[in-house]
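Since we're looking at a predicted model, the values are computed, not measured. Letters A, B, ... mirror the listed sequences (proteins, then strands); counts begin at 1.
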Amino acid sequence: MTSTPILHVDMDAFYASVATRDRPDLAEVPVIVGGGSRGVVLSANYLARQYGVHSAMPMTRARRACPTAVVIPPDFDTFARVSSSVLENFRRVTPLVEVVSLDEAFLDVRGSIRRLGAPTTIAEGLRSVIHDEQGITCSVGVAASVSVAKLASRRAKPDGVVVVPPERVTAFLHPLDVGELWGVGEKTQAMLHRLGLITVGDVAHTPLRTLQRAVGHHLGAQLHELAWGTDRRAITPKAGPLEPERSMGADETFAKDTDDREVVVRELLRLSHRVTGRMRTAGVAGRTVTIRIRFADFTTITRSRTLPEATDVTVEIYRAAIRLYDALGLQRARLRLVGVRVEGLVPRASVHRQLVLGEPEHGWADADRAVDRATRRFGTAAVRPASLLRTY
DNA sequence: TCTGGGGTCCTAGGACCC
DNA sequence: TCTGGGGTCCTAGGACCC
């Protein structure tokens, strides 16, 4: 019997590894996977990391830090394909797989030990299968709990396994910086540091009430648990990262900041179209429409409005978005980004519309379905949402 | 030369209702 | 004649995760 049945499997530099696995010419070169001029680094191989490049770093900075790096645009179709193959390997070990993202998952191997051996044996088995089949490496953390397994896999990187048995949990956790804990980002880390709480051990030995006063009721309780490694969260099997969504949205950073209402309105239409298209594919409708505006100075605001009834109709979301935008009364403000999000999603079948007499709303739903069909047959370029503008 | 895009959850105040 | 109390919804902002 074992007391460390949770595995956290994390691909090493996933996007960069996949992007270069068939490119021996890039094996000894710093590689960055990332977007265009205003984008950020999605993934960097370990050679690029030696230059200080890391994910989420602005591309402009990354290129400056490592001018010799080869920059590759992301190919999410390939990433998703590799990811689901890896997921199949996981499911051959256990049905208890919780997918975190394309490159990360938790496995509860409690029920697989008799068949496959100790958790470490299972971990090494997975690593070699993934390496042989996909040509990429991963790291595995093994522990009694989800949170400790997650921290252990980070320690195992790259291409390794780290086991933290129960009796060594506090010895493992307490020297770590508070920033390592799940839920502690840059802001919270800085606040905790200001309070003199530098390590996880410091947090563990702080009275719960003090912690909660500093970071809020919920986070305070969570950090206290994590700091003692006492969280008992079970892994919840999920089909994938795109399971039962509570909201759907899209946003876009302009290539150049703009103060042109026409440009903004056109973008809001494009985004509304994109979001509702995804909603219709998923068979959901939503009531609350939120727009997001990011100004040139990066300050960001949101405005939202809850509709009387859930909808998946493009022009209804679009009209709500435009009303919210116009209500801001912006004059010369330069915008960097706009976004549209729909919240309060429910299955479309559960929505029974109150048809208002004289309002042919069903016409718009029919139009959407026609557009969806055309898009499926001829691609997104075939039917442009701008065609909706004239009729509206 | 800055800082993507997809999400989730929490907090807090006011409205509204019982 | 003070000023109740609690639950839920809506809105805005913020922090975090990958």
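- Of all nucleotides listed (dT11(B), dC18(C), dT8(B)), dC18(C) comes nearest to the side chain of S101(A).
- Residue T302(A) has no polar side-chain atom (N or O) positioned under 4.0 Å from OP1 or OP2 of dT11(C).
- The overall bend of the helix from dG5(B)-dC18(C) to dC18(B)-dG5(C), read as the angle between its terminal helix axes built from five base pairs each, is 10° when rounded to 10 degrees.
- In this structure, the nucleotide among dG13(C), dC9(B), dG7(B) sitting nearest to the side chain of R303(A) is dG13(C).
- dT1(B) and dC18(C) have their C1' atoms separated by 25 Å, given to the nearest Å.
- Checked for salt-bridge contact, R278(A) and E245(A) miss the test: no charged N lies under 4.0 Å from a carboxylate O.
- Aromatic ring pairs are classed by plane angle as parallel below 30°, tilted from 30° to 60° and perpendicular above 60°; the pair F106(A) and H8(A) is tilted.
- Taking atom C1' on both nucleotides, dC2(C) is separated from dC16(B) by 22 Å, rounded to a whole Å.
- Within a 6.0 Å radius of CZ in R115(A), more than 12 heavy atoms belonging to other residues, nucleotides or ligands are found.
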Do D159(A) and H131(A) pass the side-chain hydrogen bond (donor to acceptor under 3.5 Å, both in side chains) test, and can you show the C-alpha distance, the side-chain angles, and the key distance before you say yes or no? CA-CA 10 Å; D159(A) 199 10; H131(A) 179 265; over 6 Å; no
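- Side chain of T94(A) to main chain of D108(A): a donor-acceptor pair is present (N/O by atom type, distance under 3.5 Å, no hydrogens or angles).
- For I301(A), the side-chain atoms get nearest to dG13(C) when compared with the rest of dG13(C), dT3(B), dA12(C).
- One side chain, T306(A) or T288(A), offers a donor N or O that lies under 3.5 Å from an acceptor on the other.
- The side-chain ring of F298(A) is stacked on the base of dT3(B), judged by centre separation under 5.5 angstrom and plane angle under 30 degrees.
- The shortest distance between the side-chain N/O atoms of T300(A) and the OP1/OP2 oxygens of dG14(C) is not below 4.0 Å.
- If you check every strand for non-hydrogen atoms under 4.0 Å, L42(A) touches a base.
- Minimum atom distance to the side chain of R278(A) is reached by dG7(B), of the listed dC16(C), dG7(B), dT11(C).
- Within the 4.0 angstrom heavy-atom criterion, only backbone atoms of the sugar-phosphate kind lie near R287(A); the bases stay farther away.
- For E267(A) and R270(A), the salt-bridge test passes: some basic side-chain N is under 4.0 Å from an acidic carboxylate O.
- Of the listed nucleotides (dT11(B), dA12(C), dG4(B)), dG4(B) has the atom at the smallest distance from the side chain of T253(A).
- Within the 4.0 angstrom heavy-atom criterion, no nucleotide atom of any strand lies near R63(A).
- The side chain of T306(A) places no N or O atom within less than 4.0 Å of a non-bridging phosphate oxygen (OP1 or OP2) of dC9(C).
- For W182(A), counting side-chain heavy atoms from C-beta on, the closest listed nucleotide (dG6(B), dC17(C), dT11(B)) is dC17(C).
- R61(A) has no side-chain polar atom (N or O) that falls below the 4.0 Å cut-off from OP1 or OP2 of dT3(B).
- Each of dG5(B), dG7(B), dT3(B) was ranked by its minimum atom distance to the side chain of M248(A); first place goes to dG7(B).
- With dT8(B), dT3(B), dC18(C) as the choices, the nucleotide that has an atom nearest any side-chain atom of P58(A) turns out to be dT3(B).
- Salt bridge status for D366(A) with R369(A): present, with a side-chain N to carboxylate O gap under 4.0 Å.
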